[in-house]
Novice: 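Next up is a structure, given as structure tokens.
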Amino acid sequence: MSKRYDYVIVGGGSAGSVLANRLSADEGTSVLVLEAGRSDFILDPLIHMPAALMFPSGNPLYDWAYETDPEPHMGGRRIAHARGKVLGGSSSINGMIFQRGNAGDYDKWATDDGMEHWDYAHCLPYFKRMETTLAGADAWRGGSGPLKLERGPASSPLFQAFFEATTQAGYARTDDVNGYRQEGFAPFDRNVYRGSRLSASRAYLRPIRDRKNLTISTLSYATGLRWSGTRVTGVDYQRLGRPHSVEAGEVILAGGAFNSPQLLQLSGVGSPEVLSAAGVETRIDLPGVGENLQDHLEVYLQHTSLQPVSIAPWLKMWKAPYIGAQWLFFNSGVGASNHFEGGGFIRTNDEVAYPNLMFHFLPIAVRYDGTASEGKHGYQVHIGPMNSDVRGRLHIKDANPTSRPSILFNYLSTENDRREWVEVVRAARHILSQPAFAAFDGGETSPGPDVQSDQQILNWVARDAETALHPSCSAKMGTDAEAVVDPSTMGVHGTEGLRVVDASVFPSITNGNIYAPVMMVAEKAADLIAGNTPLRAEHPPVYRAKAGLPLYPEGDPRNDAWDTRRDIPSAVAAMAASEEANR
């Protein structure tokens, strides 16, 4: 007879770690976490040394190593997608950049029916609850949460040149891209604490591993859901090649934008056409499962450096023992930083309400997987549109739970996306050509001076771009025909005892790295699931460069909701006063 738990959480990654912590805080509640990967062993330097972030990608011990179908607008290339296959999920292998996104992202979510309590004012207290911002708590930032956030020093000569160049190019500085004003340039918050990666597992799971009501089972791959009518009653899974099953009062899928919709479809929840083609009988007709898939695509705009001020020499293999020893014994040195220490956000045109381009500056010219540096001094910016209107999909191909799904993002498939890509590259070149870089600039090596016309830029993007590793939105919250998850309960529409909490529930992708929004969603979802009183909305002012501009394409009626409910200060003040009066 299988054991029964109050909650079975499928996935021990970013969202799953938060849920396990918060739901098991009630000693009378039993919680099981099923993680398909292995444990994040404390002595594993490839996880915990920040500068080692390039090594887990593509390694089957750490990475699911997904890839897309041939992308039709990128010359038929298959785009590799690293996803964490270890406790802590992708937070154990990502770049450790902590970006909340723009307040407008959440106000945009809230213009959809049923999403009113997912606006910035209602999400802000959950961001604050999870943070200890070491730079200092304030009205926008938390000071006592599990995630301790170091701010990058960004003090090297190349970072100083970059910040000076952004000012020379006409862009503003900001004190905190996660605070009052996102737009502008500043040092970045990072999931690095005392020289080590602070993953979701280390922040949320490791401190509570001894709770008697919490069980964490690694190497446990979920293969299907168990049903009684429309109610989910448990999970089937494999561990070390053996089949197992577990009964549950509630099952919460937290496997991410690929694994959660895949498991739903394998269990008969999704579009009848997709399920029938895969040989799966439809149990719940829910056509939005696997649709609305979104991501950030990025390129590296690289320059050589005339001065020996980059960190390129430290990539030589013979220096690895010294770097490792310095990090292991002193938590310092080159190994103690992710080196994504600063960057910023701008608007590339006056038609967008808030920034549509993010810069990650890196004091070395190297690809994410560590290739193409050749030991030469250089620097680069990672760039790409933040709010693309491109939409993709994820479909299972057969009923085998170990088969990889068919994934297609449709990168570069819309006119607006292609237009923004040209703007993005030209804006980045404008910054890197400023006088502040004159003493360093040895010339652009990627894409190179021969790439100038709009079509040449697009051809380069199609040939060279990589994912920023932000898949999301494939089982979105909402109440419309394409929605999968109820935003008031996180329950899957048409089912009982089944919820989804991870990046797949985003209605639209946020403006920046998605780790912070995933953690916020999980924090808020934990209260919804446990029946706790939600945290009170907070209404500190936020910077809006273009207060009257729409969030959606021209003519979309949801723009009216933004103008009347979100963007006019008097309306925001009235909303806050009404909430206070009703408490």
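Just so it is clear, the structure is predicted and the values come from calculations on it, not from any experiment.
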Novice: Which label fits Tyr66 and Phe258: parallel for a plane angle under 30°, tilted from 30 to 60°, or perpendicular past 60°?
Specialist: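 Perpendicular: the ring planes of Tyr66 and Phe258 meet at over 60°.
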Novice: Give me the ring orientation class for Tyr106 and Phe127: parallel if the planes are under 30° apart, tilted from 30 to 60°, perpendicular past 60°.
Specialist: perpendicular
Novice: For the atom pair OH (Tyr354) and CG (Asn387), what is the distance rounded to the nearest 0.5 Å?
Specialist: 4.5 Å
Novice: Quick check against the 3.5 Å criterion: does Ser388 have a side-chain atom that pairs as donor or acceptor with the backbone of Val390?
Specialist: yes
Novice: Does Phe340 form a ring-ring contact (aromatic ring centres under 6.0 Å, His included) with His382? I'd like the steps, not just the answer.
Specialist: CA-CA 10 Å; Phe340 291 107; His382 296 210; 5.2 Å; yes
Novice: Considering only NZ, NE, NH1 and NH2 on the basic side and carboxylate oxygens on the acidic side, decide whether Asp69 and Arg77 come within less than 4.0 Å.
Specialist: no
Novice: Using a strict 4.0 Å threshold on nitrogen-to-oxygen distance, state whether Asp105 and Arg100 make a salt bridge.
Specialist: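 Salt bridge: no.
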Novice: When you compare the side chains of Ser92 and Asp40, does any donor N or O come within less than 3.5 Å of an acceptor on the partner?
Specialist: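 No pair is found: no donor N or O on one side chain lies under 3.5 Å from an acceptor on the other.
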Novice: Measuring centre to centre across the rings, with the benzene-like ring taken for any Trp, is Phe185 within less than 6.0 Å of Phe359?
Specialist: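 Distance test on ring centres: under 6.0 Å, yes.
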Novice: Testing the 3.5 Å rule here: is there a donor-acceptor pair between the side chains of Arg22 and Asn532?
Specialist: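 The answer is no; no qualifying pair exists.
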Novice: Checking side-chain polar atoms at under 3.5 Å, does Asp44 have a donor or acceptor matched by the opposite partner on Tyr62?
Specialist: yes
Novice: By side-chain hydrogen bond (donor to acceptor under 3.5 Å, both in side chains), which residues pair with Asn511, not counting sequence neighbours?
Specialist: Gln182
Novice: Nearest 0.5 Å, what's the CG-NE2 distance between Asn513 and His360?
Specialist: 4.0 Å
Novice: Report yes if some heavy atom in the side chain of Leu357 is under 4.5 Å from a heavy atom in the side chain of Ile383; otherwise report no.
Specialist: yes
Novice: Under 4.5 Å between any side-chain heavy atoms of Pro50 and Ser337, yes or no?
Specialist: no
Novice: Supply the atom-to-atom distance Leu263 CG to Thr223 OG1, rounded to the nearest 0.5 angstrom.
Specialist: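 Output value for this atom pair is 8.0 Å.
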Novice: Whether the side chain of Asp107 engages the backbone of Tyr120 through a donor-acceptor N/O pair (distance < 3.5 Å, no angle test) should be reported.
Specialist: yes
Novice: If the condition is salt bridge (Lys or Arg N to Asp or Glu O under 4.0 Å), which residues does Glu183 pass it with, not counting sequence neighbours?
Specialist: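 Checked Glu183 against salt bridge (Lys or Arg N to Asp or Glu O under 4.0 Å); matches are Arg347.
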Novice: Would you check if the side chain of Thr414 reaches a backbone N or O of Asp389 as a donor-acceptor pair within less than 3.5 Å?
Specialist: no
Novice: Run the ring-centre check on Tyr237 versus Tyr221 and record whether the distance is less than 6.0 Å.
Specialist: no
Novice: Checking side-chain polar atoms at under 3.5 Å, does Glu523 have a donor or acceptor matched by the opposite partner on Tyr204?
Specialist: yes
Novice: Would you confirm whether Arg83, through its side chain, and Leu469, through its main-chain N or O, come within 3.5 Å as a donor-acceptor pair?
Specialist: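 Looks like yes, one N/O pair under 3.5 Å.
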Novice: Do Tyr515 and Gln99 have side-chain N/O donor and acceptor atoms under 3.5 Å apart?
Specialist: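 No.
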Novice: Under a plain distance cut-off of 3.5 Å, with no hydrogens placed, do His395 and Glu291 share a side-chain donor-acceptor pair?
Specialist: yes
Novice: Exactly one of Val289, Leu264, Val280 should register a side-chain contact (heavy atoms from CB on, under 4.5 Å) with Ile396. Which one does?
Specialist: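 Exactly one option meets the side-chain contact (heavy atoms from CB on, under 4.5 Å) with Ile396, and it is Val280.
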Novice: Classify the ring geometry of Phe162 against Phe361: parallel below 30°, tilted from 30° to 60°, perpendicular beyond 60°.
Specialist: parallel
Novice: Would Val192 and Leu198 count as a side chain to side chain contact (heavy atoms under 4.5 Å, CB included) here? Give the steps.
Specialist: CA-CA 5 Å; Val192 177; Leu198 189 62; over 6 Å; no
Novice: Report the C-alpha separation of Ser403 and Lys397 in whole Å, then their side-chain angles, then the decisive distance to 0.1 Å, and conclude whether the side chain to side chain contact (heavy atoms under 4.5 Å, CB included) test is met.
Specialist: CA-CA 8 Å; Ser403 295; Lys397 293 181 287 190; 5.6 Å; no
Novice: For Ser446 and Asp464, work out which heavy atoms get closest and say how close.
Specialist: OG-OD2, 4.0 Å
Novice: For the pair Lys476 and Asp112, find out whether any cationic side-chain nitrogen is under 4.0 Å from an anionic carboxylate oxygen.
Specialist: no
Novice: List for me each residue that meets side-chain hydrogen bond (donor to acceptor under 3.5 Å, both in side chains) alongside Tyr126, sequence neighbours excluded, and say none if there are none.
Specialist: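 Applying side-chain hydrogen bond (donor to acceptor under 3.5 Å, both in side chains) to Tyr126 gives Asp527.
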Novice: Check whether any side-chain heavy atom of Val251 lies under 4.5 Å from a side-chain heavy atom of Tyr7, and answer yes or no.
Specialist: no
Novice: Within this structure, what is the CG-NE2 distance for the pair Leu286 and His493, rounded to the nearest 0.5 Å?
Specialist: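 The NE2 atom of His493 is 7.0 Å from CG of Leu286, to the nearest 0.5 Å.
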Novice: Check the pair Asn191 / Asn338 against side chain to side chain contact (heavy atoms under 4.5 Å, CB included), numbers first and verdict last.
Specialist: CA-CA 9 Å; Asn191 296 105; Asn338 64 343; over 6 Å; no
Novice: Using a 4.5 Å cut-off on heavy atoms from C-beta on, say whether the side chain of Ile216 contacts that of Leu205.
Specialist: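 Yes - at least one pair of side-chain heavy atoms lies under 4.5 Å apart.
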Novice: Does Lys128 make a cation-pi contact with Trp140, if we ask for NZ or CZ under 6.0 Å from the ring centre and within 45° of the axis?
Specialist: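 No, Lys128 and Trp140 do not form such a contact.
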Novice: Shortest non-hydrogen contact from Trp421 to Leu412?
Specialist: CD1-CD2, 3.3 Å
Novice: With distance as the sole test, does Trp118 use its side chain to make a donor-acceptor pair with the main-chain N or O of Cys123 at under 3.5 Å?
Specialist: no
Novice: Where is the tightest heavy-atom contact between Val425 and Leu301, given as atom of each residue plus distance?
Specialist: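 Scanning both residues completely, I find the closest heavy atoms to be O-CD1, 4.1 Å.
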Novice: Classify the side-chain pair Glu71/His73 by whether it contains a donor and acceptor separated by less than 3.5 Å.
Specialist: no
Novice: Answer with yes or no whether the side chains of Arg393 and Ser406 bring together a donor and an acceptor at under 3.5 Å.
Specialist: yes
Novice: Indicate yes or no: at least one non-hydrogen side-chain atom of Arg202 is less than 4.5 angstrom from one of Ser196.
Specialist: yes
Novice: For a 4.5 angstrom cut-off between non-hydrogen side-chain atoms, does Ile252 reach Leu19?
Specialist: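 Heavy-atom side-chain distance check passes, below 4.5 Å.
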Novice: Mind checking the OG1-CG spacing from Thr68 to Asp295? Nearest 0.5 Å is all I need.
Specialist: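 Nearest 0.5 Å value for the OG1-CG distance: 10.0 Å.
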Novice: Check whether Asn213 reaches the backbone of Ser24 with its side chain - one donor and one acceptor, N or O, closer than 3.5 Å.
Specialist: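 Yes, the answer is positive, given that a donor and an acceptor are paired below the 3.5 Å cut-off.
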Novice: Do His339 and Ile364 have side chains that approach each other closer than 4.5 Å (heavy atoms only, starting at C-beta)?
Specialist: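 The answer is no; the side chains never approach within 4.5 Å.
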Novice: Side-chain donor-acceptor pair under 3.5 Å between Glu420 and Asn356, yes or no?
Specialist: yes
Novice: Does a side chain donor of either Thr29 or Asp6 reach within less than 3.5 Å of an acceptor in the other side chain?
Specialist: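 Thr29 vs Asp6: no donor-acceptor pair found between side chains.
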Novice: Test side chain to side chain contact (heavy atoms under 4.5 Å, CB included) on Leu149 and Tyr193; report intermediate values, then the result.
Specialist: CA-CA 7 Å; Leu149 303 173; Tyr193 181 57; over 6 Å; no
Novice: Can any side-chain N or O of Gln294 pair as donor or acceptor with the backbone N or O of Ile509 at less than 3.5 Å?
Specialist: yes
Novice: If we only count heavy atoms from C-beta on, is the Arg211 to Asn21 side-chain gap below 4.5 Å?
Specialist: yes
Novice: Minimum heavy-atom separation for Pro56 to Ile93, with atom names?
Specialist: CB-CG2, 3.7 Å
Novice: Please round to the nearest 0.5 Å and tell me the distance separating atom NZ of Lys524 and atom CD1 of Ile529.
Specialist: 12.0 Å
Novice: Taking atom types as modelled and ignoring hydrogens, do the side chains of Arg38 and Thr218 form a donor-acceptor contact shorter than 3.5 angstrom?
Specialist: no
Novice: Any chance the rings of Phe409 and His81 have centres within less than 6.0 Å?
Specialist: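 Yes, the ring of Phe409 comes within the 6.0 Å limit of the ring of His81, centre to centre.
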Novice: Looking at Asp63 and Lys85, is any side-chain nitrogen of the basic one under 4.0 Å from a carboxylate oxygen of the acidic one?
Specialist: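 Looking at Lys85 and Asp63, the cut-off is not met.
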